[in-house]
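A quick write-up on the structure given underneath.
For clarity, every value in this text was computed on a predicted model and none was experimentally measured.
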Amino acid sequence: MPLPAAEWRASVEFERRLVHASGTLFPVPYLLGWVSWTETAAFLALGVATVGLLEYLRLVAGLDHAVYRHLTREYESDSVAGYALYMVGTTAVAVAAVPALAIPGMTPTLAVPAIWMVSLGDPVSGALGDNAATESKRPTAWIAMFLVSLGLALLFTVPAFGSRVGVAVALAGAVPAAVADGLPPIIRGVAVDDNLTISPAAAVGMLLAVSVLV
């Protein structure tokens, strides 16, 4: 028996937030010293390939797979779904921090909190506001996203750069993360999903701060 619309939406939102939070685990093996960051990025890249196949099967082949039914909203029926964009955004940040790429200043110290900002911050802000994809979030959601993002970044930036610079770098990541979460850019009438933009925006902000202050 199908769930009523309100119950179905609540179920989808809960499951989406669980998936968001599960992304927090991606960097944990690296932080525990079990794998290298290069291996972490490779694992995430494999995840992108997997969700890419799922989205191809859904959008092109017409296969209504279980991941789609449980993790997508109505407006994603004919476009790439948020869970796939989530993987793309986090993987882009992870790959940018791979040592072999030699991007000056970009390290796992910046990549991990940037990834956690979308995995933990976005579900918190999402729970505080109910908005359409093209609408700005409520002020409480902006504030919550900023505070969660700042707290996550400080865990890494202060030990790495010291109190003064560490706080500045953390702020440089938390502000764009909150903006990306709260004010989705609109391109040709289509909102760019914050699952795609939060992690890269935070990483770029912190990287710019590091390049200036360190």
- Message: Donor-acceptor pair, distance only, cut-off 3.5 Å: does the side chain of T91 make one with the backbone of L44?
- Response: yes
- Item | Short side-chain to backbone donor-acceptor contact, T90 and M87, under 3.5 Å | yes
- List, by chain and number, the other hydrophobic cluster members for L46, where Ile, Leu, Val, Met, Phe, Trp and Tyr join if side-chain heavy atoms come within less than 4.5 Å, directly or indirectly. none
- Message: Tell me which pairs pass ring pair (Phe, Tyr, Trp, His ring centres under 6.0 Å) where either residue lies in residues 143-178, with sequence neighbours left out.
- Response: W116-F156
Report the residues that fulfil side chain to side chain contact (heavy atoms under 4.5 Å, CB included) with [X], sequence neighbours left out, ordered by chain and then residue number.
X	answer
L101	V95, V98, I103
S36	T38, E39
P139	none
A170	L150, A153, L154, T157

- Message: Going by salt bridge (Lys or Arg N to Asp or Glu O under 4.0 Å), name the pairs with one or both residues in residues 202-214, residues two or more places apart or in two chains.
- Response: none
- Sequence neighbours excluded, every pair satisfying salt bridge (Lys or Arg N to Asp or Glu O under 4.0 Å) that has a member inside residues 144-166: none
Do [X] and [Y] come within less than 4.5 Å of each other through their side chains, counting heavy atoms only?
X	Y	result
T197	D194	yes
L196	Y86	no
M145	V124	no

- Query: What are the two closest heavy atoms between I115 and V118, and how far apart are they?
  - Reply: O-CG1, 3.1 Å
- Minimum heavy-atom distance S119-T24, with the two atoms named: OG-OG1, 2.8 Å
Side-chain donor-acceptor distances from residues 106-114 under 3.5 Å, at least two apart:
{"from": "T107", "atom 1": "OG1", "to": "T109", "atom 2": "N", "distance (Å)": "3.3"}

- Message: To the closest 0.5 Å, what do you measure between CG (L85) and OG (S199)?
- Response: 12.0 Å
- Query: Could you give the distance from CG (L152) to CE (M117), rounded to the nearest 0.5 Å?
  - Reply: 6.5 Å
Could you tabulate the donor-acceptor pairs under 3.5 Å formed by side-chain atoms of residues 202-214, not counting sequence neighbours?
{"from": "S211", "atom 1": "OG", "to": "L207", "atom 2": "O", "distance (Å)": "3.4"}
{"from": "S211", "atom 1": "OG", "to": "L208", "atom 2": "O", "distance (Å)": "2.6"}

- Item | Pairing residues for W142 by the ring-ring contact (aromatic ring centres under 6.0 Å, His included) criterion, not counting sequence neighbours | none
- Item | All pairs passing side chain to side chain donor-acceptor pair (under 3.5 Å) where residues 173-184 contributes a residue, at least two apart | S125-D181, K137-D181
